[in-house]
Amino acid sequence: MTRVLVVEDEPQIVRALVINLKARKYEVDAAPDGATALQLAAARHPDVVVLDLGLPDMDGVEVIRGLRGWTRVPILVLSARHTSDEKVEALDAGADDYVTKPFGMDELLARLRAAVRRAEPVGGADGADDVVTVETEGFTVDLAAKKVNRDGRDVRLTPTEWHLLEVLVRNTGRLVSQKQLLQEVWGPSYGTETNYLRVYMAQLRRKLEGDPSHPRHFITEPGMGYRFER
Ligand code: CA
């Protein structure tokens, strides 16, 4: 049984989520504000959190930071906001994905399933850090050996290209924000040099995508970041 914590102050949305989730055999707890959410998360240990960013008592980003202090539970953000800044802030704080309001229930459920699936232990060990090889139909990434194999041959990557690839692959299926990529690959004082990312992503695509102009694995989320899909 998968337990979902819904954090949302709009009763109609809570009702719709509870009905739909229970119909699909999820167990659901609901919190109308951030303080209740943090208490319920500690008491109930949900498998996934659906979190509205606009809460009456605190910003949803603070709830993310509070949760990330002690848990890696997947967090799916509901955002009614139109600027991408706040979504990026939520991702930087540790959210896993977001859905923009008004959302379709099917889309939300698909994102929820994906978030839960990514959090499942791989090979009986604890989480994604233990994945050492990632295979696509076109190439294989060996994180332990720091090698990429395409059609039986090693692909030569520069250290920067490798580092970028590694961050994306370790977050397979998840949106990684521009800022997070820049800070992890180039360093903490970076964050706005998005032209670096465009250049290096183009290089990775050229080396690894079957058709670099129509990427299947290195996906751009305009204005937000990048996502690696297997
Ligand atoms: Ca709200």
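Numbers for residues simply follow the sequence, beginning at 1. Order of appearance sets the numbers: ligands from 1, and atoms from 1 within every ligand.
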(request) Would you check if the side chain of E209 reaches a backbone N or O of R216 as a donor-acceptor pair within less than 3.5 Å? (result) yes
(message) I'd like to know: is the Ca ion (ligand 1) within the 3.0 Å range of an N/O/S atom from E8, strictly under that distance?
(response) no
(request) Keeping the roles fixed (side chain from R150, backbone from K207), state whether a donor-acceptor pair exists under 3.5 Å. (result) yes
(request) Begin from the C-alpha positions of E8 and V50 and carry the test side-chain contact (heavy atoms from CB on, under 4.5 Å) through to its verdict. (result) CA-CA 8 Å; E8 167 65 79; V50 177; over 6 Å; no
(request) Using a cut-off of strictly less than 3.0 Å, determine whether D9 has an N/O/S atom near the Ca ion (ligand 1). (result) yes
(request) Without swapping roles, check the side chain of D57 against the backbone of G34 for a donor-acceptor pair under 3.5 Å. (result) yes
(request) Tell me which N, O or S atom of D52 sits nearest to the Ca ion (ligand 1). (result) OD2
(message) I'd like to know: is the Ca ion (ligand 1) within the 3.0 Å range of an N/O/S atom from P56, strictly under that distance?
(response) no
